Structures are given as structure tokens and as C-alpha cells.
2 protein chains.
Amino acid sequence: MSLPDSQGPDSQSPHSPLSRRRTGIPEATVARLPVYLRVLGSLAESGVTTVSSDALAVAAGVGSAKLRKDLSHLGSYGTRGVGYDVEYLVYQISRTLGLTQHYSVAIIGVGNLGHALANYAGFASRGFQIVALVDADPRRVGEQINGLEVRHLDELETVVKEHEVSIGVIATPAASAQDVCDRLVSCGVTSVLNFAPIVLAVPDSVDVRKVDLSIELQILAFHEQRKSSHASEVGAG
Amino acid sequence: MSLPDSQGPDSQSPHSPLSRRRTGIPEATVARLPVYLRVLGSLAESGVTTVSSDALAVAAGVGSAKLRKDLSHLGSYGTRGVGYDVEYLVYQISRTLGLTQHYSVAIIGVGNLGHALANYAGFASRGFQIVALVDADPRRVGEQINGLEVRHLDELETVVKEHEVSIGVIATPAASAQDVCDRLVSCGVTSVLNFAPIVLAVPDSVDVRKVDLSIELQILAFHEQRKSSHASEVGAG
DNA sequence: AGGACTTTGTGAACAGATGCACAAAGCGCT
DNA sequence: AGCGCTTTGTGCATCTGTTCACAAAGTCCT
Ligand SMILES: NC(=O)c1ccc[n+]([C@@H]2O[C@H](COP(=O)([O-])OP(=O)(O)OC[C@H]3O[C@@H](n4cnc5c(N)ncnc54)[C@H](O)[C@@H]3O)[C@@H](O)[C@H]2O)c1
Ligand SMILES: NC(=O)c1ccc[n+]([C@@H]2O[C@H](COP(=O)([O-])OP(=O)(O)OC[C@H]3O[C@@H](n4cnc5c(N)ncnc54)[C@H](O)[C@@H]3O)[C@@H](O)[C@H]2O)c1
């Protein structure tokens, strides 16, 4: 049923093999670094200054060997017999992930989900600043959300260039998603986070990550089914 | 930068090896089946009755060999020289994923995100019925959302048992998430979808999947950074 | 200083996922 | 029926990721 080491993060799909060679950091590791970062953050807040791979691994829900191998890809930042300096490790992971820069995010589609995203504080906390909200519905245009005014879809290109948007978040209905994506890409956006239930076609130079509720539920359903259909087997051994 | 075959889905973490042996279906395949299902659904709507692995693969954003291997895990449902019967394949995938059953879903935490989820129509469409909304804030209790009344956290156990909830969705702040999760698990929920930015500890018998915005953004940031720092290299090659 | 103890970093074995390439299988046309 | 065309299903090589297990490297105590 559940995983040996809790709900680990995912590497959404194998990145081009070339990219591996360039940074030396495996995709699977990249997907876990943010988790470590989060855990380290709360350790730091609790006043912990040093942490062992074992303790950190438990808190992050992964195996300690995996954790050490992950960290070894960034360099040798631990001290044998002691562990890792929390603050320094936070810095190194942040640097590796590129979080020392700031990123401007635009949200396209300000419906139910878009509103939730626009109001979410957790975004800004790691250097992601929401700089623009865009919607096609004239009734939504002009609305103020979290200090930002909703702009009309017609202004998409203007707004993106004006704010040098580097990440586009698509929260429109599926039917418009490809269209919106094309327009984002054509004005230079190279990273897209897609919430619409559709596979986006993009040039190789653009990264897309998707968040798909319905897929998550279906995966859970698959395992749920297995559990119930073999319920007898559990007791029997 | 982008993936060889578009934004593929993920296998969130290697499931216990045992589970593999039991169903014979690799986790990575399970994670892609919902995508195929979606694409097949829209093909069916457009009146297509038969589809080749190549066409389906393109639409699903994966390689055709991968797609065929995925489908081969469910059985031999294609016809050589012809392709797959769309309707029949939809049925087989649904059956495999366990979507012939219905699942009752409870959402805990009806804030920004919880509201969006509660209003989302895409849930019900695949046999996932939202049967309960629960919140700790007395001011939210009693509110009607999408035909459901928000219940108080105190009633969590009652509500879960009453509706035979099989999937719990956690949309509370991180601080309460583990607590809520423990309570869900203790009243028999074995599948959890977690939106709170925290690693949940659960017994082995419980499946957790997480959706974490901030992690997705950080992964995008990593690749974004690589792109900009090596911008020169692209032209030079 | 030296020895016991702790913990990192990593080589090597293993496991899982992907992609290639082709034989086997079916279709339709003559 | 036979032939050529299409497309599936899969064995095999490869690549990516995980896990084990231990030497190297440090700390702390005497
Ligand atoms: N709400 C959820 O919980 C949820 C869950 C999973 C997936 N999704 C997906 O997220 C997307 C948004 O969901 P939602 O519930 O917010 O839908 P919604 O209908 O509430 O909002 C969609 C918004 O997009 C706007 N829009 C439509 N076409 C547009 C365009 N071309 N450009 C810009 N804006 C446009 C609409 O005016 C509307 O404001 C959908 O694709 C949905 O399938 C939503
Ligand atoms: N809003 C977003 O776009 C977004 C994005 C990513 C992650 N998240 C995460 O999702 C979660 C919810 O986000 P949100 O924006 O909806 O927050 P929110 O503060 O708007 O809503 C949280 C809700 O949970 C309720 N709650 C608090 N403790 C509870 C408990 N013990 N049991 C039941 N209900 C409880 C609160 O009363 C509130 O209604 C948070 O963990 C957040 O980090 C949200």
C-alpha cells in the first residue's frame, strides 16, 4: 500500500538526458530538494542549527541513504560525525534550485482556482511573486485580488512583457489552455504550470509541469481498489 | 529543457515492491493511464471509434512504444494492423483503475482552496463524489457550497463513517494537517490527497498523494535558472 | 595523543522505466 | 488464397534511480 518512505515527491517525467549532463543533478533529486528545504526551514525556526542525515531523512519522509546521495550532488556540505549545518544547507539548496533569483509569476484564468492561487501567501514566501492576473471574462476584469487588478486577456502580451514574467500559471478551462499557453510561449515565457486537464504541446525549450487533481484521485482509486479486493489476503497471510 | 515526450505524469514515489507483484502494473504506468483515459474520452466524443498507438501516443504526449507497453500490462486489447477500439479501451482502463466503483470524497478545510475544490465539477465526472465538507472555523460551519453543508470538525468521525468516505482531501493549513490526517486514518480512511505543505506520517496501509504548488514552482525555477545561465551556450553549440 | 564513537559520502549491486527494433498478426486488395 | 501494408506486442539493451554497506573523516572523551 504505502511507500517505503512516505509520500515522496515525483520527477514528473524524464527531462532530456542532455540537461542531466549539464547540471549533474538528477531530476528525481531536484524534485526532492524543495522538500528538504521546507523541512530545514522549520528546523531553523525551531532553533536547530545542526541536523544529521538520519533526522532530516525522517522528517522529509525519505531514506537516509537517498537523502545523503541527493545532497552529495550539490557538493560536500556535511561534516562527518556531526551532520549538516542547517543554515548553510538551506543556502546551498536555495542556490542550487535557483531561488536566489526572484521569479515573476502570472496567473491566467481567475476563476475558482485562480482566486485561491492569487490569495495564497505561500507563493511569495520563496521568491515567487505574483505580478499579474489575467482573465477573458470582462466581468472579472478590474477586480482587485490581493492587491492586484485583473487584466483582460487582450493585454496578455503587454502584461507579460511589462513585468518580465518568467513563469505562467494556467488556470483556465481546458478548452482555452492550449491557446493561452501558445500565447505565453510566443511572448517568451519558458516555464508553465498547468492546472487544466489537458496535455499541452510546447516547443522543446519550454518546461511544463502539470497539477492534475483528477489524475491523483484516479491513482488513489487504483490502490484503493486493490486494497479492498484483497482484503481477505491481509488477515490470512 | 523540456521532456522528450511532453509533460508526462509522475509516479509519485516507488510503491512497495510487493504491490507491483500483485497487480503486475508498474506504478509509472498507473500514473499515465488516467491521461490515456482522458484523451480517449475526448476522442470518443469526437466520434472516433478506433485509434492507433501512434495517434494516441501523440495526443497523450508520450512515446508510442511506451504507450503500447503500458497498455500491454492490462492485456492484449489492440488489433494488429488496426489499432485499439476506443470504447473498449476506455472500459478496460476504467476497470483497471477501479473506476467502475464509486468513491466518496471528503474535503477537510474549506478555505480558499477547499472552496475551489468543492465547486469543481471535474471531480464527479469520474465517479468521485464529494460527500462531505468539514472545517474547524465555526463561522464556516453551516455554509452551503455546491449543495453541501459545511460540517464542524468535531463531527469529522461521524461524517466520515456516515458517508463511508474512502478518500480524504486535506486542505487545511499545514499546522493542522497531521492532526486531521491522523483522525481520518483512525476512522478508516486509507487514501489521502494532501494539499498542505507538509510531509504526512501515516501507517503503511494508507496511501498518501500530495499536491504541492510551491514544489512545482521550485522545480520550474531550477530549470529556468539553468536556461538563463547558459543562454550563450545555446547559440554557440 | 589515541581510541571509541558517530556520521558522511560513495562504489557497487539492484530495481525500475524507457526506447529500439522486429517478428507476429491482422486487414484489404487482387 | 496470396501478397503487401499496417500496427501491435515484446525481448533486449540502456538509462535512471534506489538501496546497501562500508571506508574515510570527523568529534569527543580520557
Ligand atoms: N477548481 C478546482 O478545484 C480545480 C481542480 C482541478 C482542476 N481544475 C482546473 O483548473 C482550471 C480552472 O478551474 P476553475 O474551477 O477555476 O474554473 P472556473 O471556470 O471557475 O475559472 C476559469 C476562469 O478562466 C477564465 N477564462 C476562460 N477562458 C479564458 C482564456 N482564454 N483566457 C483567460 N481566462 C480565461 C474564465 O473567465 C474563468 O474566470 C480548469 O481547467 C479546471 O479543470 C480546477
Ligand atoms: N490557496 C492556494 O492556492 C494553495 C496553494 C498551495 C497550497 N495550499 C495549501 O492548502 C491549504 C489550504 O490553503 P487555503 O489557501 O485554502 O487556506 P485557508 O486559510 O484559506 O483555508 C484553510 C481552512 O482550513 C480551516 N481549518 C483550519 N484548521 C482546521 C482543522 N484542524 N480542521 C479543519 N479545518 C481547519 C480553516 O478554518 C480554513 O477555512 C494550506 O495548507 C495551503 O498551504 C493552498
Side-chain angles (χ1 to χ4, degrees), chain A residues 3-6 8-21 23-33 36 49-58 60-86 88-89 92, chain B residues 3-6 8-21 23-33 36 49-58 60-86 88-89 92:
Chain A
L3 353 171
D5 47 14
S6 259
D10 56 279
S11 51
Q12 190 145 122
S13 159
H15 238 249
S16 115
L18 291 160
S19 57
R20 253 304 299 284
R21 205 153 306 133
T23 67
I25 302 191
E27 228 5 68
T29 295
V30 171
R32 280 186 296 266
L33 290 178
Y36 304 153
T49 61
T50 280
V51 68
S52 73
S53 65
D54 253 324
L56 186 51
V58 168
V62 302
S64 68
K66 200 192 291 200
L67 181 130
R68 286 199 300 278
K69 188 151 291 196
D70 281 344
L71 294 184
S72 77
H73 290 295
L74 330 190
S76 234
Y77 299 128
T79 310
R80 291 164 194 241
V82 177
Y84 301 88
D85 181 86
V86 172
Y88 190 53
L89 197 49
Q92 288 299 343
Chain B
L3 355 169
D5 46 16
S6 258
D10 57 277
S11 49
Q12 193 146 120
S13 158
H15 237 250
S16 112
L18 291 160
S19 56
R20 251 307 296 286
R21 207 154 305 132
T23 69
I25 303 192
E27 234 354 76
T29 295
V30 171
R32 278 185 297 266
L33 289 178
Y36 304 154
T49 60
T50 282
V51 69
S52 74
S53 64
D54 252 323
L56 186 51
V58 168
V62 302
S64 68
K66 201 193 291 200
L67 180 131
R68 285 199 300 277
K69 189 154 292 192
D70 282 344
L71 294 184
S72 78
H73 290 295
L74 329 190
S76 234
Y77 299 130
T79 310
R80 291 164 194 241
V82 177
Y84 300 87
D85 181 87
V86 173
Y88 189 53
L89 197 50
Q92 288 299 344

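As the structure is a prediction and not an experimental result, all values here were calculated from the model. Throughout, a chain's letter reflects where its sequence line sits, starting with A, and its residues are numbered from 1.
- Closest approach to the B:Tyr84 side chain among C:dT10, C:dG19, D:dG9 is made by D:dG9 (side chain taken as heavy atoms from C-beta onward).
- Atom CG of B:Leu71 is separated from atom P of C:dT18 by 14 Å (rounded to the nearest Å).
- Distance, A:Leu67 CG to C:dT8 P: 9 Å, rounded to whole Å.
- One can place CG of A:Leu89 at 13 Å from C1' of C:dT8, the figure rounded to the nearest angstrom.
- Across A:Gly24 and A:His73, no two heavy atoms sit closer than the pair O-ND1, 3.7 Å.
- Every residue two or more places apart in sequence or in another chain that forms a side chain to side chain contact (heavy atoms under 4.5 Å, CB included) with B:Ser52 is listed here: B:Asp54, B:Ala55.
- Protein atom CG of B:Asp70 is 13 Å distant from nucleotide atom C1' of D:dG9, rounded to whole Å.
- Across A:Ala57 and A:Ser64, no two heavy atoms sit closer than the pair CB-CA, 3.5 Å.
- For A:Ser72, the listed nucleotide lying nearest its side chain is C:dT10; candidates were C:dT18, C:dA17, C:dT10.
- Distance CD/A:Glu27 to CZ/A:Arg32: 10.5 Å, rounded to 0.5 Å.
- Summarising the geometry, the separation between CD on A:Glu27 and P on D:dC15 is reported as 18 Å, rounded to the nearest angstrom.
- The closest side-chain heavy-atom distance from B:Leu74 to B:Leu33 is below 4.5 Å.
- The shortest distance between the side-chain N/O atoms of A:Ser76 and the OP1/OP2 oxygens of C:dG9 is below 4.0 Å.
- Nearest heavy-atom pair across A:Ile25 and A:Val30 is CG2-CG2, 3.5 Å.
- Here C:dA15 presents its P atom at 15 Å from NZ of A:Lys66, a figure rounded to the nearest Å.
- If you take CZ of B:Arg32 and C1' of C:dG19, they are 12 Å apart, rounded to a whole angstrom.
- Atom pair B:Asp54:CG and D:dT8:C1' shows a separation of 11 Å (rounding to whole Å applied).
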Between protein and nucleic acid, restricted to nucleotides 11-13 of chain C and to nitrogen or oxygen atoms under 3.5 Å apart, what atom pairs and distances do you find?
residue: C:dG11; atom: O6; partner: A:Lys69; partner atom: NZ; Å: 3.2
residue: C:dA12; atom: N6; partner: A:Lys69; partner atom: NZ; Å: 3.0

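- In terms of heavy-atom proximity, A:Tyr77 sits nearest to A:Tyr88 at CD2-CE2, 3.6 Å.
- In this structure, the separation between NZ on B:Lys69 and CG on B:Leu71 is 12.5 Å, given to the nearest 0.5 Å.
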Mark up nucleotides 22-30 of chain C, 5' to 3', with B wherever a protein heavy atom is under 4.0 angstrom from a base atom, S wherever such an atom reaches only the sugar-phosphate, and - elsewhere.
--BBSS---
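- The shortest non-hydrogen separation linking A:Leu56 to A:Val51 is N-CG2, 3.9 Å.
- Considering only side-chain atoms of A:Ala28, the nucleotide from C:dT10, D:dT18, D:dT8 that sits closest is D:dT18.
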